[in-house]
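Only this structure's heavy atoms are used, side chains among them; waters, hydrogens and symmetry mates stay out.
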Amino acid sequence: MVGSAIVRRLLAGGASRLLLRTRAELDLRSQAEVERWFAEQQPQYVFLAAAKVGGIEANRSQPAQFLRDNLQIQTNVIDSAYRHGTRKLLFLGSSCIYPRLAPQPITEDSLLSGALEPTNEWYAIAKIAGLKMCQAYRREFGFDAISAMPTNLYGPGDNFSLEQSHVLPALIRKCHEARLQRSAAVEVWGSGTPRREFLHVDDLADACIFLMRHYSDAAPLNVGWGEDLSIAELARMVAATVGFEGELRFDPSKPDGTPRKLLDTSRLTQLGWRPSITLEAGLASTYDWFRSHQQSLRQ
Ligand SMILES: NC(=O)c1ccc[n+]([C@@H]2O[C@H](COP(=O)([O-])OP(=O)(O)OC[C@H]3O[C@@H](n4cnc5c(N)ncnc54)[C@H](OP(=O)(O)O)[C@@H]3O)[C@@H](O)[C@H]2O)c1
């Protein structure tokens, strides 16, 4: 989702020499393959958007893969980029690197100040190692590696599979299927009370390019919308967008995750960047995308 959005944004801005590889062409977990690719291609700027990504259930059931794949991907790419003369690298972390009970909104200074949310700690530990690796390579080798910590993202290219997806695409799919099947109710995981922030992936892509152009510092930067809402409010917005008029049935036996997760984005906004796609508009366009890509959705 993020990689494709960055590519769309770069192409729209006139970029002409993009070096792109699918996972089938280049498995970033393989140090030898990554090393060979960097030696041959020598990219000047690297956006590291590849990662093993998923929602609560995927994190719960595959802790080893979340930790191993992400550590391997980021270690291979950051190290090879540095050693083959890349001018600048942007590493994408995630807001789940912050402690479960971090004061809200969460500033970048909350990093490593408390215990992590257990439902995604494997992924979070890998992401923390990635941003620390960027800082260490900057300090020891002078490599211009920067890190951005996005909030929850959504948009075209998202993963709508019910086992792997995050809450927003899962709700779109459940409400869509319930409307078609004329079901009376849709089940929503958890109590509905946790609060979350959502950023459209095209806004994130714009922020990534802004940072690649204008930011060179060790400190990671939060990227978010600036406001949150409860999962119950989100579910109602999704249902309205999709046209599902039945009941939203919350299942408190399923995990809630962190009670609240809103990023403080004042450092980024002070640099001069702001998001522009409202949740209402973003949900509508994402639902259009979902409907027109039924045959090619990721599973
Ligand atoms: N989605 C969010 O809400 C969110 C929020 C905060 C931060 N982020 C961060 O943003 C970045 C991108 O996330 P996303 O939402 O765009 O996830 P995504 O849609 O799942 O994209 C990840 C990409 O990485 C590729 N990949 C995974 N393992 C690979 C490997 N071993 N070799 C080569 N490619 C591999 C995947 O390929 P396949 O399709 O073949 O698996 C996929 O194309 C990640 O660093 C993530 O942590 C995402």
Side-chain angles (χ1 to χ4, degrees), residues 1-20 38 41-51 74 77-95 97-98 105-111 127-128 130-157 197-227 262-278 282:
M1 174 168 68
V2 173
S4 303
I6 292 173
V7 168
R8 284 196 298 276
R9 175 68 183 72
L10 286 169
L11 290 173
S16 59
R17 242 199 114 219
L18 302 183
L19 302 172
L20 309 171
F38 271 87
Q41 303 293 332
Q42 308 212 340
Q44 294 187 351
Y45 299 92
V46 171
F47 294 89
L48 177 45
Q74 66 207 28
V77 172
I78 294 168
D79 186 59
S80 288
Y82 156 63
R83 282 186 304 97
H84 292 287
T86 291
R87 285 192 197 165
K88 191 166 181 178
L89 176 144
L90 170 69
F91 172 71
L92 281 166
S94 162
S95 56
I97 59 161
Y98 293 116
I106 308 171
T107 65
E108 290 87 349
D109 298 333
S110 294
L111 182 66
K127 290 290 183 186
I128 292 170
L131 86 83
K132 285 288 164 194
M133 197 159 163
C134 289
Q135 291 177 337
Y137 272 57
R138 173 179 294 278
R139 183 179 293 193
E140 187 173 342
F141 305 132
F143 182 38
D144 194 359
I146 59 172
S147 303
M149 300 300 130
T151 189
N152 303 294
L153 304 169
Y154 70 99
E197 177 188 18
F198 296 93
L199 182 72
H200 193 280
V201 70
D202 287 344
D203 269 338
L204 174 72
D206 195 60
C208 288
I209 285 145
F210 176 88
L211 292 175
M212 194 58 109
R213 287 209 172 106
H214 302 295
Y215 186 71
S216 283
D217 198 275
L221 279 184
N222 290 341
V223 188
W225 175 253
E227 289 170 27
L262 174 64
L263 292 180
D264 183 321
T265 54
S266 45
R267 283 191 190 160
L268 178 56
T269 51
Q270 276 160 20
L271 289 174
W273 185 86
R274 277 176 202 284
S276 64
I277 304 171
T278 63

Taking the side chain as everything from C-beta on, heavy atoms only, tell me whether [X] gets closer than 4.5 Å to [Y].
{"X": "I146", "Y": "R138", "result": "yes"}
{"X": "M133", "Y": "F91", "result": "no"}
{"X": "F38", "Y": "V46", "result": "yes"}
{"X": "L19", "Y": "P43", "result": "yes"}

field: Set of ring pair (Phe, Tyr, Trp, His ring centres under 6.0 Å) partners for F143, sequence neighbours left out
entry: Y82

field: Set of ring pair (Phe, Tyr, Trp, His ring centres under 6.0 Å) partners for F47, sequence neighbours left out
entry: none

Donor-acceptor contacts under 3.5 Å from residues 147-154 side chains, at least two apart:
unit_1 : atom_1 : unit_2 : atom_2 : d
T151   : OG1    : E197   : O      : 3.3
T151   : OG1    : E197   : OE1    : 3.1
N152   : ND2    : E197   : O      : 3.0

task: List in chain and number order the residues that pass salt bridge (charged side-chain N to carboxylate O under 4.0 Å, His left out) with R83, two or more places apart in sequence or in another chain; answer none if no residue qualifies.
output: E35, D79

- request: Answer yes when R267 and D217 have at least one side-chain N-carboxylate O distance shorter than 4.0 Å, and no when they do not.
  value: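 No.
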
- prompt: Around atom CD of Q42, are there more than 12 heavy atoms of other residues, nucleotides or ligands at under 6.0 Å?
  reply: yes

Please give me the minimum heavy-atom distance between [X] and [Y], naming the atom from each residue.
{"X": "L11", "Y": "A15", "result": "CD2-O, 3.8 Å"}
{"X": "Q74", "Y": "L48", "result": "CA-CD2, 3.9 Å"}
{"X": "P156", "Y": "V201", "result": "CD-CG1, 4.1 Å"}
{"X": "I78", "Y": "C134", "result": "CD1-SG, 3.9 Å"}
{"X": "W225", "Y": "L199", "result": "N-CD1, 4.0 Å"}
{"X": "Q135", "Y": "P220", "result": "NE2-CD, 3.7 Å"}

statement: Only residue of D109, T107, N222 satisfying side chain to side chain donor-acceptor pair (under 3.5 Å) with Y98 is N222

- prompt: Residues two or more places apart in sequence or in another chain: which of them pass side chain to side chain donor-acceptor pair (under 3.5 Å) with S216?
  reply: K88, D144

Can you tell me how far the [atom1] atom of [X] sits from the [atom2] atom of [Y], to the nearest 0.5 Å?
{"X": "Q44", "Y": "L89", "atom1": "CD", "atom2": "CG", "answer": "13.5 Å"}
{"X": "I106", "Y": "L111", "atom1": "CD1", "atom2": "CG", "answer": "11.0 Å"}
{"X": "L131", "Y": "L221", "atom1": "CG", "atom2": "CG", "answer": "11.0 Å"}

- prompt: Which residue pairs pass the salt bridge (Lys or Arg N to Asp or Glu O under 4.0 Å) test with at least one member in residues 200-212, sequence neighbours excluded?
  reply: R8-D202, R9-D206

- request: Check step by step if side-chain contact (heavy atoms from CB on, under 4.5 Å) holds for L271 and F210.
  value: CA-CA 10 Å; L271 289 174; F210 176 88; 4.0 Å; yes

- prompt: Angle class for the Y137/F141 ring planes (parallel below 30°, perpendicular above 60°, tilted otherwise)?
  reply: perpendicular

- prompt: So, the side chain of S80 versus the backbone of V77: is there a donor-acceptor pair under 3.5 Å, distance only?
  reply: no

- prompt: Do S110 and D264 pass the side-chain contact (heavy atoms from CB on, under 4.5 Å) test, and can you show the C-alpha distance, the side-chain angles, and the key distance before you say yes or no?
  reply: CA-CA 10 Å; S110 294; D264 183 321; over 6 Å; no

message: Run H214 and W273 through side-chain contact (heavy atoms from CB on, under 4.5 Å) and show every step you take.
response: CA-CA 10 Å; H214 302 295; W273 185 86; over 6 Å; no

field: side-chain contact (heavy atoms from CB on, under 4.5 Å) between T278 and H200, intermediate numbers included
entry: CA-CA 8 Å; T278 63; H200 193 280; over 6 Å; no

